[in-house]
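To keep things clear, I will list the structure first and then write my remarks on it.
In what follows, chains carry the letters A, B, and so on, assigned in the order in which the sequence lines appear, proteins first and then strands, with residues in each chain numbered from 1. Keep in mind that this is a model prediction, so the values were computed, not measured.
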2 protein chains.
Amino acid sequence: MEPVRQALDTFRHPHLTVDVALLTLRQGALHALLLRRREHPFAGTFTLPGGFVREHEPLATAAARVLAEKCDLHDVFLEQLFTFGAPDRDPRGHVVSVAYYALVPHERLHTAIGDDLDLLRLDVPWHDTSGGPIRALDALGTEQPLGFDHAEILGTTMQRLRGKIDYAPVGFELLGETFTLLQLLEVHEAVLGRKLNKDSFRRRLLASGLLQETGDHEGEVAHRPAALYRFLRSNTNPARLA
Amino acid sequence: MEPVRQALDTFRHPHLTVDVALLTLRQGALHALLLRRREHPFAGTFTLPGGFVREHEPLATAAARVLAEKCDLHDVFLEQLFTFGAPDRDPRGHVVSVAYYALVPHERLHTAIGDDLDLLRLDVPWHDTSGGPIRALDALGTEQPLGFDHAEILGTTMQRLRGKIDYAPVGFELLGETFTLLQLLEVHEAVLGRKLNKDSFRRRLLASGLLQETGDHEGEVAHRPAALYRFLRSNTNPARLA
DNA sequence: GAAATAGTGTCTTTAAGACAGTATGTG
DNA sequence: CACATACTGTCTTAAAGACACTATTTC
């Protein structure tokens, strides 16, 4: 028996970690920020950034710390997703992981991408909110294997997002400070994996009270420029964690 | 250094428990199954049944075991709710709790109620899905204090139920094998805390494909007896845990 | 002016709410 | 038969989808 497994087995309780599924929108498709893993187990696969929860550390703080330490990312939208505790999810021993998902505009990620940190495109094989593991594809469209149960965690993230985007203001977290209605529509289409009706989307969002007109319009386009909106963050909307 | 050893040697880690918010419907109102606590801390308060997660034990199994050991309840609807990890939620140390909620018809609880096990009526002070702690009232309508963050856990349970009952078949879990449409309506009204429109409720449920007519009708009523329905459990519906 | 998307107005379709009226049991 | 609730049919209302039409920018 290898020494690591031996060390874990001497303790009677499961260990507690956090994993963070950070999603962003690139070229109209959702991508996840993943780490290329060098060590046993699952060496060579991609995994979500994660780490142990310290004693006296709040769970959301642990998730934010993991993103800061492993990806140099600060002040992103974070929300608890689900806790994964299958006894065999880590071959070294029983590790229970509280999964969080994070959303961030693509512009904020440029510096973070490096050798062992990559954005993989998500391919969701189901078309409703049924759930199940999903696939991660590299720039060439080749499937890259995911370690542990992280394909399952990303699937649960998509399931949560699809169920939530219609009535909760999460789409804004993937856009910059200001955006057009078409950009917001494209976020919703990327999350839901299907085309949406432009007319009713416009009506619904304008009537929702979530949008504030900036007065500005987009530029650099060969057509009538669209009005730019800002997300009106009310006191009941979720906050960011530093 | 290997991360596992680092966590064990450098940092102490939080302990992991499960807590179960078991809800039932009695006299048209939602009640929670609570234990009267005798020990420090929170001696004299009511608390949710809970316990430590054993190594190599799945989380849902731990939740079902707690219900079996502390309440002699088996084979109930159980679903993971949220994981509570505030460092000060237990004054004895950092205890992270994976909360589950359970739903069970009132008839199945009669034997479970005893000296230290009681059903308290829930009083939800908010009228949408905004969330927050809720109150527990005894048979006389007197508020009974809840230990730890269990008022918060019950509040999150109500929030989840209210958000879910409109599109997921959870109302059936609070009813017996067969039921009338009016009984199902009353379940929805108890969960949502408001009156619903009878006509559209009937239309919606009959069109949903979730109900199977038994052919029988209720008896013992001084008016035209209503048709009895059975919940049509499809393969995508949630299962029970033994 | 051509091209392209933004934005407006209106008709149709669909689901919920309202409500009148009929059906069927008990006492 | 009175009464109470079950159930049915239809009108109204609100929101989504469809689509025609106008507006405004770049090239």
Side-chain angles (χ1 to χ4, degrees), chain A residues 27-28 127-129 162-169 171 175-176 178-231, chain B residues 27-28 127-129 162-169 171 175-176 178-231:
Chain A
Q27 293 153 10
H127 297 285
D128 45 8
T129 53
R162 285 188 177 177
K164 197 159 182 171
I165 197 167
D166 273 347
Y167 64 91
L175 292 169
T178 64
F179 48 85
T180 69
L181 278 174
L182 183 57
Q183 289 174 324
L184 186 57
L185 175 77
E186 284 165 350
V187 169
H188 282 240
E189 289 181 339
V191 167
L192 295 171
R194 59 186 170 88
K195 287 288 176 185
L196 294 176
N197 183 284
K198 277 194 175 75
D199 301 294
S200 60
F201 185 81
R202 163 182 291 273
R203 253 190 312 229
R204 204 156 43 87
L205 266 290
L206 289 180
S208 71
L210 294 171
L211 297 182
Q212 184 184 42
E213 217 166 342
T214 63
D216 289 344
H217 293 73
E218 64 177 342
E220 316 275 311
V221 285
H223 55 79
R224 174 173 175 179
L228 287 171
Y229 294 88
R230 188 193 319 279
F231 173 46
Chain B
Q27 293 151 10
H127 299 285
D128 45 8
T129 54
R162 285 188 176 178
K164 197 159 181 168
I165 197 168
D166 273 346
Y167 65 91
L175 292 169
T178 65
F179 48 85
T180 69
L181 277 174
L182 184 57
Q183 289 174 323
L184 185 57
L185 176 77
E186 286 165 348
V187 169
H188 281 240
E189 289 181 339
V191 167
L192 294 170
R194 60 188 168 87
K195 287 288 177 186
L196 294 177
N197 183 285
K198 275 195 176 78
D199 302 295
S200 60
F201 185 81
R202 162 181 293 272
R203 252 190 313 227
R204 205 154 45 85
L205 266 289
L206 290 180
S208 71
L210 294 171
L211 296 182
Q212 185 184 41
E213 217 165 342
T214 63
D216 289 344
H217 293 73
E218 63 179 342
E220 315 276 311
V221 287
H223 55 78
R224 175 175 174 178
L228 288 171
Y229 293 87
R230 187 192 320 278
F231 173 46

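- The two residues A:R162 and A:T129 make their nearest non-hydrogen contact at CB-CG2, 3.8 Å.
- Between the CZ atom of A:F201 and the C1' atom of C:dG7 there is a distance of 15 Å, given to the nearest Å.
- In this structure, CD of A:E213 is placed 12 Å from C1' of C:dA6, rounded to the nearest angstrom.
- Atom-to-atom, NZ of B:K198 to C1' of C:dA20 comes out at 16 Å; the value is rounded to the nearest Å.
- Annotation for A:T178 and A:Q183: closest pair O-OE1, 4.5 Å, computed over non-hydrogen atoms.
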Kindly determine whether A:F231 and A:L184 satisfy side chain to side chain contact (heavy atoms under 4.5 Å, CB included), including the steps that lead there. CA-CA 11 Å; A:F231 173 46; A:L184 186 57; over 6 Å; no
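- For B:S200 and C:dA15, the shortest distance from a side-chain N or O to OP1 or OP2 is not below 4.0 Å.
- Within the 4.5 Å cutoff, no side-chain heavy atoms of B:L175 are placed close to those of B:Y229.
- At a threshold of 4.0 angstrom between heavy atoms, the contacts of B:L181 with the nucleic acid are absent.
- In terms of position along DNA chain C, the nucleotide closest to A:P225 lies nearer the 5' end than the nucleotide closest to the other residue of the pair B:E220 and A:P225.
- Residue pairs that meet the ring pair (Phe, Tyr, Trp, His ring centres under 6.0 Å) test with at least one member in residues 191-213 of chain A, sequence neighbours left out, are A:H188-A:F201.
- Within the structure, salt bridge (charged side-chain N to carboxylate O under 4.0 Å, His left out) pairs that include any residue of residues 192-208 of chain A comprise A:E189-A:K195 (at least two apart or interchain).
- Shortest non-hydrogen contact noted between A:G28 and A:A190 is O-CB, 3.6 Å.
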Which donor-acceptor pairs under 3.5 Å do the side chains of residues 209-224 of chain B make with protein atoms, sequence neighbours left out?
residue	atom	partner	partner atom	Å
B:T214	OG1	B:D216	N	3.1
B:T214	OG1	B:L228	O	2.8
B:E218	OE2	B:A226	N	3.0

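- Using a 4.0 Å cut-off on heavy atoms, none of the residues of residues 183-191 of chain B approach DNA chain C.
- Comparing B:A227 and B:A222 against DNA chain D, the residue whose closest nucleotide sits nearer the 5' end is B:A222.
- Note: CZ (B:R202) to C1' (D:dG9) measures 13 Å, nearest angstrom.
- Using a 4.5 Å heavy-atom threshold, the side chains of B:L185 and B:L205 count as separate.
- Spacing between atom CG of A:D166 and atom P of D:dA16 amounts to 10 Å, rounded to whole angstrom units.
- The separation between B:L206 atom CG and C:dA16 atom P is 12 Å, rounded to whole Å.
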Between the protein and nucleotides 18-22 of chain D, list the N/O to N/O atom pairs that are separated by less than 3.5 angstrom.
residue	atom	partner	partner atom	Å
D:dA18	OP2	A:N197	ND2	3.1
D:dC19	N4	A:D199	OD1	2.8
D:dC19	N4	A:D199	OD2	3.2

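- In this structure, A:L228 places its CG atom 11 Å from P of C:dA6, rounding to the nearest Å.
- Spacing between atom NE2 of B:H223 and atom P of C:dG25 amounts to 12 Å, rounded to whole angstrom units.
- The listed nucleotides are D:dT5, C:dA6, C:dA16; the one nearest the side chain of A:E218 is C:dA6.
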